[in-house]
Amino acid sequence: MRIDAVTIFPDYFKALDLSLLGKAREKNLINFEAHDLRDYTHDKHKTVDDSPYGGGAGMLMKPEPWGEALDAILPEDGNCTVIFTSPAGEQFKQATAYELAKEDHIVFACGRYEGIDQRVVEYAATKARVRLISLGDYVLNGGEVAAIAMTEAIVRLIPGVIGNAESLVEESHSDGLLEYPSYTKPANWRGMDVPEVLTSGNHAAIAAWRKEQQIERTKKVRPDLLGE
Ligand code: JFE
């Protein structure tokens with residue numbers, strides 16, 4: 001999979017050189033590149049923003065540098081999905097990550113200021129599939145952090161990226177419930193014991209206890225996941 005990001009802060013994406021993602025890149029499972037939007041300006045000040053038509057607070061990203069960046073990065077064959085990270089998009093879910101993990105080429109368009117001139121979205125849609133996606137219901141200062149989170153969620157689903165294939169299988173069987181609590185050694189730590197069932201060797205009892213913990217946790221903190 002190829003992933004490009006267009007941003008005025010390419011250094012944010014240095015985080016992807018670390019750990020999991022860095023290994024996937026070394027193994028040539030993903031090819032990631034961050035592009036500086038200012039490289040597609042032509043004026044001395046590398047201007048990417050301007051005031052909004054109709055008035056209002058703050059600045060918007062002007063369309064011309066975005067047009068040039070997309071022309072340079074998008075493939076001729078249209079086999080690409082451009083993701084505009086936006087608080088006004090569909091919410092990113094695990095199901096979204098599974099869909100996007102099947103793509104050959106993803107381009108993240110990361111806005112700043114109050115966002116990007118809407119015509120850039122329309123133009124991108126003439127050259128590629130386009131999705132507006134929100135990381136969640138809160139406002140970030142720009143699209144970079146959302147794009148990094150989405151990239152991590154997508155790339156770890158690509159076969160070969162996570163060494164232990166079992167951890168992905170277990171996740172996919174999680175029935176939309178929260179995870180059960182987990183414990184490791186020592187069996188007693190600062191006066192707190194590991195739940196006895198986990199050291200019993202009774203695998204049926206362990207599975208039942210874990211399921212019950214998942215249901216209790218989900219009821220308590222995420223009743224919406226149970227349709228309540
Ligand atoms: C941009 C901004 C003022 C947005 C109401 C580009 N999940 C998520 N939260 N925030 C974003 C994504 C996001 C994505 C791209 C962005 C925020 N901003 C900041 C400023 C109003 C805004 O929308 C600019």
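Bear in mind that the values here come from a model prediction, so they are computed numbers and not experimental data. Atom set for the values below is all heavy atoms of this structure, side chains included, hydrogens, waters and symmetry mates excluded. For ligands, and for the atoms within them, numbers begin at 1 and follow the listed sequence.
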- With sequence neighbours left out, the residues meeting side chain to side chain contact (heavy atoms under 4.5 Å, CB included) with Asn79 are Asp77, Asp104, Arg129
- Query: Hey, are Asp36 and Arg38 close enough for a salt bridge, meaning a charged N less than 4.0 Å from a carboxylate O?
  - Reply: no
- Please identify each residue that fulfils salt bridge (charged side-chain N to carboxylate O under 4.0 Å, His left out) with Glu68, with sequence neighbours left out. none
- Salt-bridged, Asp11 to Lys14, with N to O below 4.0 Å? yes
- Task: Scan for side-chain hydrogen bond (donor to acceptor under 3.5 Å, both in side chains) pairs involving residues 192-209, sequence neighbours excluded, and state none if there are none.
- Result: Asn188-Asp193
Return a table of N or O atom pairs, ligand 1 on one side and protein on the other, at distances under 3.5 Å, rounded to 0.1 Å.
residue: ligand 1; atom: 7 (N); partner: Ser134; partner atom: OG; Å: 3.2
residue: ligand 1; atom: 7 (N); partner: Leu135; partner atom: N; Å: 3.1
residue: ligand 1; atom: 7 (N); partner: Gly136; partner atom: N; Å: 3.4
residue: ligand 1; atom: 7 (N); partner: Gly136; partner atom: O; Å: 3.2
residue: ligand 1; atom: 9 (N); partner: Tyr138; partner atom: O; Å: 2.7
residue: ligand 1; atom: 9 (N); partner: Leu140; partner atom: N; Å: 3.4
residue: ligand 1; atom: 10 (N); partner: Leu140; partner atom: N; Å: 3.0

- Salt-bridge present (Arg217, Glu179; N to O < 4.0 Å): no
